[in-house]
Every structure is written in structure tokens, then in C-alpha cells.
2 protein chains.
Amino acid sequence: MPKTLDDIDHRLLALLQQDSGRTLAALGDLVGLSPSAVQRRIDRYRETGLLRREIAVVDPSSALLAVCLVTLDRESPESHRSFREWVQAAPEVQQFYNVSGDHDYVVILATSGMAHHRETAERVIKNAPNLRRYSTMFVLDPIRTTLTVPTR
Amino acid sequence: MPKTLDDIDHRLLALLQQDSGRTLAALGDLVGLSPSAVQRRIDRYRETGLLRREIAVVDPSSALLAVCLVTLDRESPESHRSFREWVQAAPEVQQFYNVSGDHDYVVILATSGMAHHRETAERVIKNAPNLRRYSTMFVLDPIRTTLTVPTR
DNA sequence: GCGTGCGCGCAATAATCTTGCGTGCCCAAG
DNA sequence: CTTGGGCACGCAAGATTATTGCGCGCACGC
């Protein structure tokens, strides 16, 4: 782990989470460092695991998103384990959270349309082991879709 | 809009959504094209808006994630508009969806800890205009966090 | 059969990334 | 107060990667 992140680190990480397509020189201008200094900081983020990877973001409005709230039948560790494995195997599962509260899991499905959604919900959720019940909320408008996380 | 995406386009987009850090040559090897052909296809995705941007992904386990289900007080267009503006102004709002069903919105908050979460929930949700009620589910384990969307 | 358009590979050029090196700063030990 | 080590920086050379002009071949429609 790096000791602590300074102000430049936070600014850099915010910029990278917003748009990592920038050149090292552009980033350097924005935070007041040389390209190589920026480079070395980014290397450090990667080494420490703070920065996982870079991804391209596809326009989400071309897809059908659905938020599913899932409750399991039993609370045994084994029941959770098999459920997780089952759901994780599906590529349509965009996000998958274990949560506190009335439900056990939140699953966000990304499909190409209602036909695909039905098929996927059937296969991934309805057929999941230890499922008690679930409800689905369809996304009418994906107002904001980021993975941005605060760094301080 | 491009006429239609062929099989190579789909493979390319899947690879880019998974990891856009690869070189054009590496992508070319994976899909069977020259670097410049890959380049031109990616340019097209960008021009047509299919590809929005590239982002760096920060390890989500270093943050506190919370899924909030929100119901508004009134259903008037004006009520929705002001609520959206209010919520969108907060940087802690990682994702923001208008959904069908019992609730109106799903908001995913990313904060640096419980203190930050409380402050944020107070400011962003509780003080939001036209709020009727909301519930919060804390993320115990972010099993999968992507923005991957199917392209076919 | 014959143009036309489109996407491809190749190759030269431009841009960006990468890395070794020397410098200055800060902190801790003497 | 001085000295030495560690660390991050900027600079610049070299390597890698991205960009773009060019000519070719294939498919489609006339």
C-alpha cells in the first residue's frame, strides 16, 4: 500500500475515473506534473490494486437494463455459495451485489431487449438454486451509469 | 449509424468492454484484423456514439456502496425534473436509474465510509424535493461491478 | 460486364509511452 | 547543526504504439 494519497493523487484518480483516454501529457497539465511523474503514479495505483483495469463504456441506452431484488430460501453459507456461482456464470449479469436488509442480493441485468431479458431472467434467476422470491424493476432511463468511487 | 455490426464488431466490443488497455495489435490478433483495421472500427464506434468513453476502474471494495430505492411524492413531470436535477448534482451518485414498479428511482451511492454515507444520504436523498420515502440497502460484497452491455 | 463504394493490409510518419539518470527535498540519525 | 538515505521529480533518449495515405480486392448494382 502507498502510505497516503496526496491531493494530486485524488485529482488524478478522479480524472482517470471520468476519462482514462487522456494522454499522460494532458493529465500532467491538469494536475501540474510531468508526463513521467503521472506515469509513475498510475503504475503505483495498478501495483497496489487500487486501479483494477481500464474499460470502454458502451452507450447503455441501446440495452435493456433491469434491477432485480433477490431473496434466498435458506441462509446457509452453502446456499449462498451456490447461488453466487450460478448467477456469476451469466454474462448478462452486469452488476451483482450482496446486500443488507430485506433482500439478499441485487442483480442488474443488461440484455438486448425484452425477449433476451425473459430468457435471461428465466435461466439466471428463476432457475437459480435456493431462490425464494425476487422482483424486477425495469430501467426506464439510465440517467447516470458510472463506476466512480470516492478516493478520500 | 453503421449499417450492422458483424461478428468481429461484437467480439471487439466485448473485448473493449472487458479491457480497453490492450494495444491495437493485440486486439487485431484476437479478432483477426490488422491494427489499422481495428483502429478504424473503433473510430466508427466513437463517431456513432456507440462507444461513449474510456474509464479507469477503481477497486470498489475500498468504498461503501449503498443501493437506495426512492419513491416520489407526486408524479408530476415537474416533480421528477427537480428531483433528477437535485440528485444528479451529487458526485457520490454513482448510478441513477428511473425505474418501473413500486419505486420511481434506484440510486447507487458510493461513499468513503459510514460517516460520509450519512452525510450524503441526508443531503442528497432526505433533502431531495418531492421525496415520499426511500429505503437503503448497504452493499456487503460487490461481487461483480461492470458496465458491460450486450451488443447483439 | 463494368463502374463504384467500402473495408482491408501495408508502410511511413507522428504521437505517446517508457525508462535511465541526475537533482532537489525532506526527514532522521549522528 | 550537519550529514546521509530515501523518494519523487523533470528531462531526454529510445522503444512502442497510434495515425494516416495509398493501392488493392471484393461485393453490389447498373
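In what follows, every heavy atom counts, from backbone to side chain, and hydrogens, waters and symmetry copies are set aside. The chains referred to below are lettered A, B, ... by the order of the sequence lines, with proteins before strands, and numbering in each begins at 1. Source: prediction; values computed, not measured.
Distance, A:D6 CG to D:dA8 P: 10 Å, rounded to whole Å. Per the geometry, CD belonging to B:Q39 stands 10 Å off C1' belonging to D:dT17, to the nearest Å. Atom CG in A:D43 sits about 12 Å away from atom P in D:dC9, given to the nearest Å. In this structure, the CZ atom of B:R40 is 7 Å from the C1' atom of D:dT20, given to the nearest Å.
With no hydrogens or angles considered, no side-chain donor-acceptor pair links B:E47 and B:Y45 at under 3.5 Å. For the residue pair A:N130 / A:S82, a side-chain donor-acceptor distance below 3.5 Å is found, with atom types taken as modelled. Of the N and O atoms on the side chains of B:H10 and B:T151, at least one donor lies less than 3.5 Å from an acceptor on the other residue. Looking at A:S79 and A:D73, their side chains never bring a donor and an acceptor atom within 3.5 Å of each other.
Checking C:dT19, C:dG9, C:dG7 against the side-chain heavy atoms of B:A37 singles out C:dG9 as nearest.
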Requested in this report: Kindly indicate, with the supporting measurements, whether the criterion ring-ring contact (aromatic ring centres under 6.0 Å, His included) is fulfilled by A:H80 and A:Y105.
Outcome: CA-CA 10 Å; A:H80 278 273; A:Y105 294 95; 5.5 Å; yes
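Contact annotation: B:R41 side-chain N/O to C:dC8 OP1/OP2 distance is under 4.0 Å. Contact annotation: A:R44 side-chain N/O to D:dA8 OP1/OP2 distance is under 4.0 Å.
Within residues 8-35 of chain A, the residues that have a heavy atom under 4.0 Å from DNA chain D are, in order of number, A:L33, A:S34.
One can find a donor-acceptor pair under 3.5 Å joining the base of D:dC11 and the side-chain atoms of A:S36.
Contact check on B:E122 versus B:R118 returns no salt bridge, with no Lys/Arg side-chain nitrogen under 4.0 Å from an Asp/Glu carboxylate oxygen.
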